[in-house]
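Below: one structure, written as structure tokens.
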Amino acid sequence: MEQTKIKSLIGIAKEAAIEGGKAILKIYDTEDFGVETKGDNSPLTKADKAAHDVIMKHLENTGIPVLSEEGKGIDFSERSGWGHFWLVDPLDGTKEFIKRNGEFTVNIALVNKTELVAGVVYTPVQEKLHWGVIGQGAFLEEKGQTTRLDGGKSSGYLGSVRVVASRSHMSEETHEFISQYDKPEIVSMGSSLKFMVLAEGGADVYPRFGPTMEWDTAAAQAVLEAAGGSVIDNKTNESLRYNKEVLLNNFFIAKAKKED
């Protein structure tokens with residue numbers, strides 16, 4: 001796909017994410033979130049559905065297929081024939097949304113077959129827009145300013161290591177991983193913002209030894225990798241891949257950019 005086309009699509013995705021965020025905030029400012037429980041016992045709110053509807057209206061105009069957490073299931077027999085497609089999590093961090101701590105995001109990724117092309121991560125409460133194109137760079141738009149992200153400057157994990165950990169998910173394997181470092185600094189964060197902390201240089205490593213789905217990680221991985229970081233599948237020792245028959249990710253380790 002030509003860079004001019006990708007640039008145009010990212011512009012549409014950014015607008016979709018921002019408008020989806022506005023739909024979320026309308027419900028965030030009310031008393032009734034309409035919380036339901038999905039089949040996997042994860043929560044679903046009115047905001048998830050509202051953001052999905054808004055985002056779909058924007059992305060459908062591109063003519064590119066959309067796979068969304070809150071959309072209808074699409075069989076692998078159909079998905080396996082896709083080239084480019086959108087991978088969307090309309091509200092990542094629903095538990096953080098319900099807690100009203102502001103640490104939730106709108107995630108939209110552009111994928112080509114199994115590999116990431118670009119990603120947009122919008123944080124509605126903070127009005128922060130992270131986006132990146134693989135091989136082209138990553139950026140943060142905030143308060144009218146655009147800053148290029150370089151994935152941070154990790155010191156090779158000498159001295160105090162800054163480990164990102166989830167507020168809502170902390171497995172025994174994660175505790176064991178953290179224990180290998182001497183006096184690590186724990187950076188607690190919800191949703192895909194864990195990846196954004198790495199992209200901004202605010203932490204060194206994010207170990208995830210718990211279940212995630214493809215839509216949970218795609219957009220954030222694209223931003224982090226575009227910023228020079230990495231997200232490595234623990235089983236394959238390669239970057240996480242997408243549009244698998246089973247949409248569950250393997251465990252992974254995300255890292256900020258290392259010093260040369």
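The model shown is predicted, which means the values in this text are computed figures rather than measured ones.
Evaluation of the side-chain hydrogen bond (donor to acceptor under 3.5 Å, both in side chains) rule for Lys22 yields Glu19 as partners, not counting sequence neighbours. In this view, Asp233 and Asn250 satisfy the side-chain hydrogen bond (donor to acceptor under 3.5 Å, both in side chains) rule, not counting sequence neighbours. Checked against side-chain contact (heavy atoms from CB on, under 4.5 Å), Gln136 has the following partners two or more places apart in sequence or in another chain: Gln3, Val133. Remark: Phe251 pairs with Glu173, Phe209, Asn234 by the side-chain contact (heavy atoms from CB on, under 4.5 Å) rule, at least two apart or across chains. With sequence neighbours left out, Phe252 forms a ring-ring contact (aromatic ring centres under 6.0 Å, His included) with Phe195, Tyr206. Take Glu141 and apply the salt bridge (Lys or Arg N to Asp or Glu O under 4.0 Å) test, not counting sequence neighbours, and it matches Lys14. By the side-chain hydrogen bond (donor to acceptor under 3.5 Å, both in side chains) test, His52 is found to be paired with Ser68, residues two or more places apart in sequence or in another chain being considered. Residues forming a side-chain contact (heavy atoms from CB on, under 4.5 Å) with Glu245 (at least two apart in sequence, or on another chain): Phe76. For Asn237, there are no side-chain hydrogen bond (donor to acceptor under 3.5 Å, both in side chains) partners, not counting sequence neighbours.
Linking Ile, Leu, Val, Met, Phe, Trp and Tyr residues whenever their side-chain heavy atoms come within less than 4.5 Å leaves Val54 and Ile10 in two separate clusters. Cluster membership for Leu248 and Ile74, using ILVMFWY side-chain heavy atoms within less than 4.5 angstrom, is shared. Side-chain heavy atoms closer than 4.5 Å link hydrophobic residues (I, L, V, M, F, W, Y) into clusters, and following such links, possibly through other members, connects Val125 to Ile108. Hydrophobic clustering (ILVMFWY, side-chain heavy atoms < 4.5 Å, transitive): Ile232 and Leu240 are in distinct clusters.
Within the 4.5 Å cutoff, side-chain heavy atoms of His58 are placed close to those of Glu15. Met196 is listed as a side-chain neighbour of Val121, based on a closest heavy-atom distance under 4.5 Å. Here the side chains of Lys255 and Leu198 are not in contact, with every heavy-atom distance at 4.5 Å or above. Put simply, the side chain of Lys128 reaches to within 4.5 Å of the side chain of Glu200, judged on heavy atoms. Counting heavy atoms from C-beta on, the side chains of Glu185 and Val163 never come closer than 4.5 Å. The closest side-chain heavy-atom distance from Leu91 to Val106 is not below 4.5 Å. Within the 4.5 Å cutoff, the side chain of Thr147 has no heavy atoms near those of the Glu142 side chain. Looking at Asp48 and Pro90, their side chains never come closer than 4.5 Å, going by heavy atoms from C-beta outward.
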For side chain to side chain contact (heavy atoms under 4.5 Å, CB included), just list the numbers for Ile178 and Ile186, CA-CA rounded to whole Å, side-chain angles, deciding distance to a tenth of an Å, and then say yes or no. CA-CA 9 Å; Ile178 293 173; Ile186 306 301; 3.8 Å; yes

Could you give me the CA-CA distance, side-chain angles and deciding distance for Val111 and Val117, then say whether side chain to side chain contact (heavy atoms under 4.5 Å, CB included) is met? CA-CA 5 Å; Val111 185; Val117 175; 5.9 Å; no

Could you give me the CA-CA distance, side-chain angles and deciding distance for Leu129 and Ile18, then say whether side chain to side chain contact (heavy atoms under 4.5 Å, CB included) is met? CA-CA 8 Å; Leu129 182 69; Ile18 292 170; 4.3 Å; yes

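Contact record, Gly20 with Ala51: O-CB, 3.8 Å, taken as the closest heavy-atom pair. Taking every heavy atom of both residues into account, Gly102 and Thr123 meet most closely at O-CG2, 4.0 Å. For the pair Ala256 and Ala203, the tightest heavy-atom approach, listed with the atom from each and the gap, is CB-O, 3.5 Å. Closest approach of Ala16 to Ile55, counting heavy atoms only: O-CG1, 3.6 Å. Of all the heavy atoms in Thr105 and Ser191, the pair that sits closest is CG2-OG, 3.7 Å. Contact record, Val223 with Gly132: CG2-N, 3.9 Å, taken as the closest heavy-atom pair.
The environment of Glu127 atom CD is sparse: at most 12 non-hydrogen atoms of other residues, nucleotides or ligands sit within 6.0 angstrom. Counting heavy atoms of neighbouring residues, nucleotides and ligands inside a 6.0 Å radius, atom CD of Glu2 does not exceed 12 of them. Within a 6.0 Å sphere centred on CD of Glu176, other residues, nucleotides and ligands contribute 12 heavy atoms or fewer. Annotation for Gln145: atom CD does not count as buried by contact number, only 12 or fewer foreign heavy atoms lying within 6.0 Å.
In this structure, Thr236 contributes its side chain and Glu238 its backbone to a donor-acceptor pair below 3.5 Å. Listed for the Arg162 side chain is no donor-acceptor partner under 3.5 Å among the backbone atoms of Val187. Looking at Glu103, its side chain does come within 3.5 Å of a backbone N or O of Gly190 through a donor-acceptor pair.
Note: Arg79 CZ to Lys113 NZ = 15.5 Å, rounded to the nearest 0.5 Å. For the atom pair CG of Asn112 and CD1 of Ile134, the computed distance is 12.0 Å after rounding to the nearest 0.5 Å. For the atom pair NZ (Lys257) and CG (Leu224), the distance works out to 11.5 Å, reported to the nearest 0.5 Å. Atom CD in Glu115 sits 4.5 Å away from atom CZ in Arg241 (nearest 0.5 Å). The line from CG of Asn101 to CE of Met189 is 9.5 Å long, rounded to the nearest 0.5 Å. Considering CG of Leu9 and CE of Met1, their distance stands at 5.5 Å, rounded to 0.5 Å.
Residue pairs meeting the salt bridge (Lys or Arg N to Asp or Glu O under 4.0 Å) criterion with at least one member in residues 84-94: none, sequence neighbours excluded. Evaluation of the ring pair (Phe, Tyr, Trp, His ring centres under 6.0 Å) test over residues 95-137, restricted to residues two or more places apart or in two chains, returns Tyr28-Phe97, Tyr28-Phe104, Phe33-Phe97, Phe97-Phe104, Trp131-Phe139.
Between Phe85 and Trp82, the angle of the ring planes lies from 30° to 60°, which puts this pair in the tilted group.
Between the side chains of Glu225 and Ser239, at least one donor N or O lies within less than 3.5 Å of an accepting N or O.
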N/O donor to acceptor pairs below 3.5 angstrom from side-chain atoms of residues 210-217, sequence neighbours left out:
| residue | atom | partner | partner atom | Å |
| --- | --- | --- | --- | --- |
| Thr212 | OG1 | Asn249 | ND2 | 3.0 |
| Glu214 | OE1 | Asn243 | N | 2.7 |
| Glu214 | OE2 | Asn243 | N | 3.2 |
| Glu214 | OE2 | Lys244 | N | 3.0 |
| Glu214 | OE2 | Lys244 | NZ | 2.9 |
| Asp216 | OD2 | Met213 | N | 2.7 |
| Thr217 | OG1 | Glu214 | O | 3.4 |
| Thr217 | OG1 | Tyr242 | OH | 2.7 |
| Thr217 | OG1 | Asn249 | ND2 | 3.0 |

